[in-house]
Amino acid sequence: MCGRYSLTSPEEAMRRLFDIQAGDIGPPRYNLAPSQLAPVARRESADGPVLARLMRWGLVPGWARDESIGQRLINARSETAAEKPSFRAAFRQRRCLVPADGFYEWRNLGSRKQPYWISRPEGEPFAMAGLWESWRRDDGPELLTFTILTTEATEDLRPIHHRMPVILPPEAHAAWLDQAETPSAELFVSGRAPELRPRAVSTHVNRPANDDAECLRPLDGEAPVAGTQPRLL
DNA sequence: CCAGACGTTGTT
DNA sequence: GTCTGG
DNA sequence: CCAGACGTTGTT
DNA sequence: GTCTGG
């Protein structure tokens, strides 16, 4: 699945990859956790520009009576999201790209859990497939939320975990964002994802308050990955 | 008809 | 064990 | 996803 | 909102 990720790439690289024309990307993040604000990229109209917007991780469906359901809707199974009451409206009308440059998975070793940071070999950013929603109670403020689609893990990652986020190669971004077309199930096949490499990291990442570069540091003394350096201020 | 759920993950 | 908060 | 709380009373 | 269960 995907319950924690990183987003530390230079802002310019992200704007280029996602064709983001405007909007807030926020600061670099090493340890993005559910319930927090994160940037997502989406079109507001069919032929409009791609805009970035900070939204809360954990989707709150339009019909929800209160926002607490979002705590549990941080992922949506790509195999069933088109039909599920919680996701189908967003699946039809509100698809988005969730920028990341790595995600975390915990390998269950019985007596302990070993976290891994999974990223591109050179640390390039990539797009996770997401859905977003706008929710409000009565005359309350608008709450924007999103969820990340999951799929079966690739063979490479299977030893760590059997699910992973749907990662869209650049040539699939437009198809996913085009709400006029029904997205093809082909998009969700993890085999289409760009090459990913898991690196064991310390349990420093376990604590959401630890939002720093230590989260990404390989345990085995491997050299830091190029391209993942924090953005210059 | 109304009431109540609506989800994922992992583990058993 | 289970829920909430991050 | 993991971490951390999980309760009441009365008093300040 | 929409579907399922009673």
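Below, read A as the first sequence line, B as the second, and so on, with proteins coming before strands; counting in each chain starts at 1. On a predicted model such as this, the values are computed, not experimentally measured, just so you know.
- Remark: A:Ser68 is not in phosphate contact with C:dC3, judged by side-chain N or O atoms under 4.0 Å from OP1 or OP2.
- Counting only N and O atoms by type, the side chains of A:Thr150 and A:Asn75 include no donor and acceptor under 3.5 Å apart.
- The side chain of A:Pro85 lies closest to B:dC6, out of B:dT9, B:dT8, B:dC6.
- Comparing B:dC6, D:dC1, D:dA3 against the side chain of A:Arg207 picks out D:dA3 as the nearest.
- Considering only heavy atoms from C-beta on, A:Cys215 comes within 4.5 Å of A:Tyr104 through its side chain.
- Nucleotides D:dT9 and B:dC2 have their P atoms positioned 40 Å apart, rounded to a whole Å.
- The nearest whole Å value for the distance from the OH atom in A:Tyr104 to the P atom in D:dC1 is 16 Å.
- Stacking between A:Trp106 and D:dC1 is absent: the ring centroid is not both under 5.5 Å from the six-membered base ring centre and under 30° in plane angle.
- Going from atom CD1 of A:Ile69 over to atom C1' of B:dC6 covers 6 Å, rounded to whole Å.
- Nucleotides D:dC6 and B:dA3 are separated by 34 Å at their P atoms, to the nearest Å.
- Using a 4.5 Å heavy-atom threshold, the side chains of A:Phe91 and A:Glu83 count as separate.
- Heavy atoms of A:Thr80 sit under 4.0 angstrom from primed sugar atoms or phosphate atoms, though from no base atom.
- Taking the P atom of each, C:dT4 and B:dA5 are spaced 15 Å apart, rounded to whole Å.
- Contact annotation for A:Thr150: backbone-only contact, meaning every heavy-atom pair under 4.0 Å involves sugar-phosphate atoms and none involves a base.
- Ring centroid separation for the pair A:Trp117 and A:Tyr30 does not come in under the 6.0 Å cut-off.
- The side chain of A:Ser35 contributes no N or O atom lying less than 4.0 Å from OP1 or OP2 of C:dT4.
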